[in-house]
Amino acid sequence: MPDMKSHARILAAVRRIPPGRVSTYGRVARVAGLASGARQVGYALAALPDDSDVPWHRVVNARGEISRRSHGAAIERVQHAMLEGEGICFGPGDRIDLERFGWP
DNA sequence: AACCTGACGACGC
DNA sequence: GGCGTCGCCAGGT
């Protein structure tokens with residue numbers, strides 16, 4: 001079952017992101033072994049349960065910005081607050097400096 | 001099977 | 001740096 005395996009690899013990759021750092025969908029996909037599966041990463045995180053231990057909030061897009069959900073804008077503010085709580089600073093336009101906070 | 005949508009990314013202008 | 005297009009994969013209608 002390649003589908004389950006991909007999800008498991010993605011979640012495992014996200015779990016490796018240390019506190020105070022962020023990664024991107026593309027990088028997570030690459031670490032998980034998916035060459036061009038950035039979109040798949042977002043899909044996997046969207047199906048994540050609330051009680052999961054996966055630090056989904058540390059995953060942002062390649063621009064260093066929190067991706068816009070089609071469903072629910074409140075969660076974006078929550079993610080923003082959680083990242084600030086870990087010491088991550090947002091620049092103009094709520095952008096994160098990936099050179100400084102990016103992982104790896 | 002055809003088509004559309006979605007927490008994306010790379011490239012070109 | 002903004003904006004449009006194409007490529008990607010999974011799921012639903």
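Residue numbers start from 1 in every chain, and the chains themselves are labelled A, B, ... in the order their sequence lines are given, proteins ahead of strands.
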Per-nucleotide protein contact along nucleotides 7-12 of chain B, 5' to 3', at a 4.0 Å heavy-atom cut-off (B base, S sugar-phosphate only, - neither), is BBS---
Run the side-chain donor-acceptor check on residues 55-63 of chain A: report pairs under 3.5 Å with partners two or more places apart or on a different chain.
| from | atom 1 | to | atom 2 | distance (Å) |
| --- | --- | --- | --- | --- |
| A:H57 | NE2 | A:E86 | OE2 | 3.0 |
| A:R58 | NE | A:E86 | OE1 | 3.1 |
| A:R58 | NE | A:E86 | OE2 | 3.2 |
| A:R58 | NH1 | A:I17 | O | 2.8 |
| A:R58 | NH2 | A:E86 | OE2 | 2.9 |
| A:N61 | OD1 | A:R63 | N | 3.1 |
| A:N61 | OD1 | A:G64 | N | 3.3 |
| A:N61 | OD1 | A:E65 | N | 2.9 |
| A:N61 | ND2 | A:E65 | O | 3.1 |
| A:N61 | ND2 | A:S67 | OG | 3.4 |

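Interatomic distance, CG of A:L11 versus CZ of A:R16, reported as 10.5 Å (0.5 Å rounding).
Heavy-atom neighbours of A:R15 CZ from other residues, nucleotides or ligands within 6.0 Å: above the threshold of 12. The number of heavy atoms from other shown groups lying within 6.0 Å of CG (A:D53) is above 12. Residue A:R30 qualifies as open at atom CZ: its count of foreign heavy atoms under 6.0 Å is 12 or below.
Using a 4.5 Å heavy-atom threshold, the side chains of A:I96 and A:F90 count as touching. Side-chain contact check for A:I10 versus A:Y43: every heavy-atom pair is 4.5 Å or farther apart.
Cluster membership for A:L83 and A:W103, using ILVMFWY side-chain heavy atoms within less than 4.5 angstrom, is not shared.
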If a pair means Watson-Crick or G-U wobble with both distances below 3.5 Å, what does DNA chain B look like in dot-bracket form, with | marking bases paired to a different strand? .|||||.||||||
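Along DNA chain C, the nucleotide nearest to A:R95 and the one nearest to A:S36 differ in position, and the one closer to the 5' end is contacted by A:R95.
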